Trainee: 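First, the structure itself, so that you have it in front of you.
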Amino acid sequence: MTFEPAMLAALGRNPWFARQPAALQRMLVAGGRTVDLQRGQWVYSQGDEGTGLLAVLDGALRMEVALDADRDVMIGLASAPTILGRTRRSGGGPRIITVRANTPARVLMIADDALDRAAATDASLWRAINELVYAQLEQATRLAAYLLVQTAEGRVALRLLQFAQGDSVPVSQSDLAEMTGLSRKTINGHLAALERKGVIARGYRAITVVDHAALERIARG
């Protein structure tokens with residue numbers, strides 16, 4: 001069982017969590033389990049039967065989908081205060097993505113049993129989880145639409161903005177290549193061009209956004 005006022009405050013930065021009644025927020029946090037992850041450590045895998053919610057408290061997680069037996073594709077990053085997941089209790093099937101740590105991370109895992117206990121006290125939890133799942137679907141749909149109409153440079157700029165934590169974007173060129181459908185060589189060319197324009201600065205496994213307004217203009221096409 002986990003209950004920390006600081007954790008409630010941290011998760012309160014998540015719009016979905018912030019909308020929940022204070023008593024339900026406390027039950028969710030108290031019923032969760034905190035896990036510290038090393039870079040590359042698995043959280044759960046596509047096809048896992050056990051479901052539930054996952055809150056990112058620190059660091060960043062990779063979200064991947066297996067296209068076939070030999071190919072996993074990175075579709076996004078989740079950083080604090082993102083809350084992911086769903087529960088089989090409200091319909092659906094097993095996990096549809098694989099999640100593992102992209103950096104050292106700390107997460108709060110709220111399993112189905114904990115959600116059942118919270119819902120026994122406040123049945124509105126199921127409606128709230130449906131709203132969370134809908135928001136995730138809406139975000140994924142809008143992102144897919146943006147990526148379809150963007151130029152290659154626009155796709156790179158959009159992903160950089162999406163994963164920026166302040167001025168820092170903790171992604172590698174390989175990550176960007178996977179998430180934009182471009183080759184690593186092409187990504188390197190676009191990043192070099194953005195750096196020459198004074199929009200970003202490149203470092204080891206991270207990129208710094210120097211001019212957010214310019215990057216937003218490029219992302220909008």
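None of the values given here were measured: they were computed from a predicted structure. Values below: all heavy atoms of this structure, side chains included; hydrogens, waters and symmetry mates excluded.
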Trainee: Side chains of Gln162 and Val169, heavy atoms from C-beta outward: is any pair under 4.5 Å?
Mentor: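 No, too far: nothing below the 4.5 Å cut-off.
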Trainee: To check you understand the geometry: which heavy-atom pair defines the closest contact between Val56 and Ser79, and what is its length?
Mentor: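 In this case the closest contact between Val56 and Ser79 is CG1-C, 3.8 Å.
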Trainee: Checking side chain to side chain contact (heavy atoms under 4.5 Å, CB included) for the pair Val65/Asp72: CA distance, chi angles, key distance, verdict?
Mentor: CA-CA 5 Å; Val65 173; Asp72 292 333; over 6 Å; no
Trainee: To check you understand the geometry: which heavy-atom pair defines the closest contact between Leu67 and Val73, and what is its length?
Mentor: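 Closest approach of Leu67 to Val73, heavy atoms only: CD1-CG2, 3.5 Å.
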Trainee: If two hydrophobic side chains count as joined below 4.5 Å and joins carry through other members, does Ile218 share a cluster with Leu160?
Mentor: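 Shared cluster, yes.
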Trainee: Looking only at heavy atoms, what is the nearest atom pair of Val156 and His190, with distance?
Mentor: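 Closest approach of Val156 to His190, heavy atoms only: CG2-CB, 4.3 Å.
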Trainee: Go through the steps to decide whether Leu37 and Arg106 satisfy the test side chain to side chain contact (heavy atoms under 4.5 Å, CB included), and finish with yes or no.
Mentor: CA-CA 6 Å; Leu37 303 166; Arg106 189 172 189 235; over 6 Å; no
Trainee: Step by step, would you call Leu108 with Met7 a side chain to side chain contact (heavy atoms under 4.5 Å, CB included)?
Mentor: CA-CA 9 Å; Leu108 177 70; Met7 192 178 298; 3.9 Å; yes
Trainee: If I take atom CD from residue Glu195 and atom OG1 from residue Thr208, how far apart are they, to the nearest 0.5 angstrom?
Mentor: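 Nearest 0.5 Å value for the CD-OG1 distance: 9.5 Å.
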Trainee: Taking only residues at least two apart or on different chains, which pairs with a member in residues 133-155 satisfy side-chain hydrogen bond (donor to acceptor under 3.5 Å, both in side chains)?
Mentor: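 Every pair satisfying side-chain hydrogen bond (donor to acceptor under 3.5 Å, both in side chains) with a residue in residues 133-155: Glu153-Lys197.
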Trainee: Using the rule that two of Ile, Leu, Val, Met, Phe, Trp, Tyr join whenever any of their side-chain heavy atoms come within less than 4.5 Å, decide whether Ile75 and Leu77 are in one cluster.
Mentor: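 No, it is not one cluster - the side chains of Ile75 and Leu77 are not joined through contacts under 4.5 Å.
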Trainee: If you group Ile, Leu, Val, Met, Phe, Trp and Tyr by side-chain heavy-atom gaps below 4.5 Å, do Leu161 and Leu194 land in one group?
Mentor: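 Looking at the clustering, Leu194 is in the same group as Leu161.
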Trainee: Are the side chains of Leu176 and Ile207 in contact, using a 4.5 Å heavy-atom criterion?
Mentor: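 When only atoms from C-beta onward are counted, Leu176 and Ile207 do touch, with a gap below 4.5 Å.
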Trainee: Would you check if the side chain of Trp16 reaches a backbone N or O of Ala128 as a donor-acceptor pair within less than 3.5 Å?
Mentor: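 Flag set: sc Trp16 to bb Ala128 pair under 3.5 Å.
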Trainee: How many angstroms lie between atom CD of Gln20 and atom CG of Leu132, to the nearest 0.5 angstrom?
Mentor: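 The CD atom of Gln20 sits 8.5 Å away from the CG atom of Leu132.
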Trainee: What is the distance from atom CD of Gln41 to atom CG of Leu61, rounded to the nearest 0.5 Å?
Mentor: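 Between atom CD of Gln41 and atom CG of Leu61 there are 10.5 Å.
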Trainee: Could you tell me if the side chain of Thr121 sits less than 4.5 Å from the side chain of Met27, heavy atoms only?
Mentor: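 The answer is yes, as the side chains (C-beta and beyond) meet within the 4.5 Å cut-off.
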Trainee: Starting at OG of Ser183, measure out to CD of Gln173 and round the result to the nearest 0.5 Å.
Mentor: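 The OG atom of Ser183 sits 10.5 Å away from the CD atom of Gln173.
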Trainee: Between Asn188 and Lys185, does a side chain to side chain contact (heavy atoms under 4.5 Å, CB included) hold up when you go through it step by step?
Mentor: CA-CA 5 Å; Asn188 185 62; Lys185 181 179 180 180; 5.7 Å; no
Trainee: At their closest point, which heavy atom of Ala80 faces which heavy atom of Leu57, and how far apart are they?
Mentor: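 Result for this residue pair: CB-O, 3.5 Å.
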Trainee: A side-chain contact here means heavy atoms from C-beta on lying under 4.5 Å apart; do Ile83 and Leu54 qualify?
Mentor: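 When only atoms from C-beta onward are counted, Leu54 and Ile83 do not touch, as no gap falls below 4.5 Å.
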Trainee: With Thr180, which of Asp175, Thr186, Leu158, Ile187 fulfils side-chain contact (heavy atoms from CB on, under 4.5 Å)?
Mentor: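 Result for side-chain contact (heavy atoms from CB on, under 4.5 Å) with Thr180: Ile187.
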Trainee: Between Thr98 and Trp42, is there a side-chain heavy-atom distance shorter than 4.5 Å?
Mentor: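 The answer is yes, as the side chains (C-beta and beyond) meet within the 4.5 Å cut-off.
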Trainee: Less than 4.0 Å between a side-chain N and a carboxylate O, is that true for Arg71 and Glu64?
Mentor: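 The answer is no: the pair does not qualify as a salt bridge.
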Trainee: Could you tell me which non-hydrogen atom of Ala66 sits nearest to which non-hydrogen atom of Gln46, and how far apart they are?
Mentor: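 Nearest heavy atoms, Ala66 then Gln46: N-OE1, 2.7 Å.
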Trainee: Does Thr51 form a side-chain hydrogen bond (donor to acceptor under 3.5 Å, both in side chains) with Arg86? I'd like the steps, not just the answer.
Mentor: CA-CA 6 Å; Thr51 55; Arg86 37 170 297 283; 4.9 Å; no
Trainee: Tell me whether Leu215 is reachable from Leu191 by hopping between hydrophobic residues (I, L, V, M, F, W, Y) whose side-chain heavy atoms are closer than 4.5 Å.
Mentor: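 Linked within one cluster.
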Trainee: Is the closest side-chain heavy-atom distance between Arg26 and Leu8 below 4.5 Å?
Mentor: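 They are in side-chain contact.
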Trainee: Given Asn14 and Arg19, is the side-chain hydrogen bond (donor to acceptor under 3.5 Å, both in side chains) satisfied, shown in steps?
Mentor: CA-CA 9 Å; Asn14 178 279; Arg19 289 195 301 270; over 6 Å; no
Trainee: What's the separation between atom OG in Ser45 and atom CZ in Arg95, rounded to the nearest 0.5 Å?
Mentor: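 That separation rounds to 10.0 Å.
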Trainee: Which value, rounded to the nearest 0.5 Å, describes the distance between Ile110 atom CD1 and Thr87 atom OG1?
Mentor: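 It is 11.0 Å, given to the nearest 0.5 Å.
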Trainee: Can you get from Leu53 to Trp126 by hopping between Ile, Leu, Val, Met, Phe, Trp and Tyr side chains that sit under 4.5 Å apart?
Mentor: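 Result: yes, single cluster for both.
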Trainee: Could you tell me which non-hydrogen atom of Val171 sits nearest to which non-hydrogen atom of Met179, and how far apart they are?
Mentor: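 So the two residues come closest at CG1-CE, 4.4 Å.
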